[in-house]
Amino acid sequence: MRLIINDILSEPDKKAIDKAKSKSFLPSFNLSDIENLKETLSERDRHFYDCISWLIRYERIDIKIVTPNDGIGIAHTKCGLFSDGLNTVAFDGSCNFSRSALLENNESITAFCDWDGGKDIYKINDIKEDFELTFNGNDPTVKYIDAHDIRTHISSAFPVKEMKELLEDEKNLLEQKDDKKLSDPIRAILIKAKNKVQETIEKIAAKSIGQSNVIIPEFPYPSGPRDYQKKAFENWKPTQKGMFVMATGTGKTLTSLNCLLEIYNRKHYYKAIILVPTFTLVEQWEQECKKFNFEHIYKVYSKSKNCKNELESLLLKEDFNPSGEAVSYIIIATYASFVRTGIFETLIRFPRKQTLLIADEVHNMGSKRILDKIDGIKYVRRIGLSATPNRQFDDEANSRLREFFGVKDEYTFEYSMKDAIENGFLCRYYYYPHVVNLTATEMSEYLQLSTKLAKFYNVSKKSFPSGDDILMALLLKRKRIIHKAKNKETVFKSIIEERFKEKGNLKYTLVYVPEGNRPDETGDIFDERDIIPDDETSEHLIDLYTKIVCNVSPVTTVKKFVSDSKDRNQILNDFANGELEVLTSMKCLDEGVDVPRSEMAIFCASTGNPRQFIQRRGRILRTHKDKYHAVIHDLIVAPLISSSSDSYTMERNLIENELKRVRDFALLSENPDRTYTELEDITSKYNLSI
């Protein structure tokens, strides 16, 4: 609280005024004579000054004393403002907080609330400007009297009591109050006050007991961070900006939180804002933060209630902190919530130099809605995380992200999947590509589309132009044929049957089904869902593949894992425990979701986006004590076009891009020869080499 008060009247002046205006004598004090003052105080008055002493000592109250410049009269303005960080109430009037003023005089006071519209807001701003002018020492109509002596006298004359002792005194004074003479409303207020004081005393006592066993942030595993995670911190430390490009499953989350831990170890505080694509990852990051013993975690996403109020309250703690100790906290927000105007304007007010920004799956920051605001993000400490940081076909966004995270020629730290497998941080795997042929009907439709698409294709650039609606419609139709290829169902069923025959169950199996008709890179993180079906196709396909699993083995437990699945964490736990054998999903297992127990993955979705396959491969390769290797089945639709066709060159280039992904999968697998054999017809037809 900041107070501007009038100069102190002498005791004789006060007595004269009191005798003239009041039938009963009111005690008055001369603050210039503190020692004499103490002799006249009642027990309640002494407690009042004990509390004032505490407030002054911890700088929770700041007092300025003024007197009119001409020396006549006193400064008698009664106005002020209250704020909870969201709304403001101002008041103005003549009413003293005294017995005669409240009960006998004709007084008035007016309140102004900013939620009541423009006139009130104007008056609030007027009162605020006048207050700031006077408080900051710039009001020419008053003289300022040094309040230092009074503050010093009060702080030294009254015993040093801490909060718990002050509360105990308050409790005793309240219990002495004779509530028999009080009206029912006042008695209810007294009871509420007693309960509140008792509750606060118990909270402080509980906290005090816990101080002998204070939880200190630390690395969650006794062995400490891995050598490469330490290296990532050392590379990041000089500028405290950077991007960590690490294979999925190598501990990007732990690596970045270790940087936050190192800040805590040096500065004795931690402040972080963590951005993630989905609500699932909000929950997962929260659990990882708790493993480090980080506390005061705030979650910001579409369904989080009062999150803006909580952030504003946290900002108030930053601004008004009596102990002087740095406030620690972690805010985890989805990208969608981060760019909402109200949330964004609140978050960028957090300390610029102290706050660490961690952007998980950092390619999402390259979206236009975030890039439009990126210049307003001033946090000095920054870490971008991804296994695949580059946005496909978006060089401008990639360049701006590298600049924002202070990355020029090379990333701050890189750790490849090859390194992770060789060093045992990811498990080894077998890779089985399966070529899926189109039916005669599908092939006929595909050839017609291919001929039309060839007219748009730029052979020299090996790409399609952007922004053409007709082209987008044709690409969607082409993708729909590939996604819904009927023979995929047959191949998928044979894989499931063979696995069931081999093991007797289908435990720890992930199935990625096609996610609808949208072209790659158009997924929108701003609707805060993991997947955006644009029609009923997605739901139909995931139901279809789920049904195939059930038909192979009626006793097998299988469940869809989609954006609106209830109890998502419980589903993942059941999967890890083997109670749920098969998960069918579209896209929401792509980014960050932890499923280390998975042993087999079947990719039924054909996509030209390498990020999805890299993410999915990393997901299945996470290590587990009971897991020796992983198995990946990849369904590939590669229509064979005649070399005399107008679309042959286009198709050859599209197939070549697809085979780059297949090659990368095969090279790190335990059985690369299988890939060469399976794709021999395709490579021969298009004169390509794995």
Side-chain angles (χ1 to χ4, degrees), residues 1-9 13-29 31 44-45 47-49 51-52 55-56 60-70 72-145 147 150 170 177 182-190 192-193 196 312 316 320:
M1 181 184 287
R2 298 184 299 163
L3 292 172
I4 301 171
I5 65 173
N6 62 331
D7 59 323
I8 308 303
L9 294 176
D13 287 339
K14 284 196 171 186
K15 286 182 178 179
I17 294 172
D18 289 335
K19 287 178 180 178
K21 290 193 173 183
S22 177
K23 296 176 182 178
S24 61
F25 177 76
L26 295 174
S28 54
F29 315 125
L31 289 180
R44 164 58 74 176
D45 293 331
H47 177 58
F48 172 82
Y49 278 96
C51 293
I52 287 287
L55 291 167
I56 291 173
R60 296 300 296 272
I61 190 168
D62 195 359
I63 301 172
K64 296 289 176 69
I65 302 175
V66 299
T67 187
N69 237 343
D70 56 14
I72 301 173
I74 62 172
H76 202 249
T77 302
K78 308 291 190 303
C79 67
L81 302 99
F82 296 89
S83 176
D84 62 359
L86 292 176
N87 293 110
T88 301
V89 176
F91 65 90
D92 192 9
S94 64
C95 186
N96 284 320
F97 197 74
S98 65
R99 177 182 179 277
S100 57
L102 294 173
L103 301 181
E104 296 174 2
N105 296 355
N106 289 324
E107 305 276 5
S108 68
I109 188 166
T110 306
F112 307 93
C113 309
D114 63 2
W115 57 83
D116 284 338
K119 290 184 179 179
D120 279 30
I121 293 173
Y122 177 83
K123 186 61 180 177
I124 289 169
N125 291 336
D126 190 40
I127 293 173
K128 182 177 181 180
E129 288 174 9
D130 284 348
F131 181 90
E132 295 292 348
L133 180 74
T134 304
F135 195 86
N136 293 328
N138 300 320
D139 187 347
T141 67
V142 299
K143 288 190 299 186
Y144 293 85
I145 299 173
I150 293 176
E170 179 73 19
K177 196 81 173 175
L182 300 176
S183 64
D184 289 342
I186 300 299
R187 188 181 299 110
I189 292 171
L190 180 64
K192 184 177 180 180
K196 183 66 175 177
E312 291 287 355
L316 284 176
F320 305 107

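Looking at residues two or more places apart in sequence or on another chain, you find a side chain to side chain contact (heavy atoms under 4.5 Å, CB included) between S183 and P185, I186. Residues forming a side chain to side chain contact (heavy atoms under 4.5 Å, CB included) with K128 (at least two apart in sequence, or on another chain): L81, E132. Residues passing the side-chain hydrogen bond (donor to acceptor under 3.5 Å, both in side chains) test with T88, sequence neighbours excluded: none. For the ring pair (Phe, Tyr, Trp, His ring centres under 6.0 Å) test, no residue two or more places apart in sequence or in another chain qualifies with F48. Judged as a side chain to side chain contact (heavy atoms under 4.5 Å, CB included), and not counting sequence neighbours, the contacts of D130 are D126. The side-chain hydrogen bond (donor to acceptor under 3.5 Å, both in side chains) check on D184 picks up R187, with sequence neighbours excluded. Qualifying side chain to side chain contact (heavy atoms under 4.5 Å, CB included) partners for I121, counting only residues two or more places apart in sequence or in other chains: D114, N125.
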Next item on the list: Go through R2 and I61 one step at a time and tell me if the side-chain contact (heavy atoms from CB on, under 4.5 Å) criterion holds.
Entry: CA-CA 6 Å; R2 298 184 299 163; I61 190 168; over 6 Å; no
Check: Does the side-chain contact (heavy atoms from CB on, under 4.5 Å) test come out yes or no for D62 and L3, once each step is laid out?
Finding: CA-CA 6 Å; D62 195 359; L3 292 172; over 6 Å; no
Next item on the list: For the pair K177 and L190, evaluate side-chain contact (heavy atoms from CB on, under 4.5 Å) and give the outcome as yes or no after the intermediate values.
Entry: CA-CA 9 Å; K177 196 81 173 175; L190 180 64; 4.0 Å; yes
Notebook entry, point to check: Stepwise, does the salt bridge (charged side-chain N to carboxylate O under 4.0 Å, His left out) test hold for K196 with E170?
Noted result: CA-CA 11 Å; K196 183 66 175 177; E170 179 73 19; over 6 Å; no
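Here the shortest heavy-atom pairing between A111 and D120 reads O-OD2, 4.4 Å.
The OG1 atom of T110 sits 7.0 Å away from atom CG of D92, with the distance rounded to the nearest 0.5 Å. Rounding to the nearest 0.5 angstrom, the gap separating the OG1 atom in T141 from the CG atom in D139 is 3.5 Å. One distance of note links CD1 of I124 with CZ of F112; it measures 8.5 Å at 0.5 Å rounding.
The ring pair (Phe, Tyr, Trp, His ring centres under 6.0 Å) analysis of residues 113-134, with sequence neighbours excluded, yields the pairs F131-F135.
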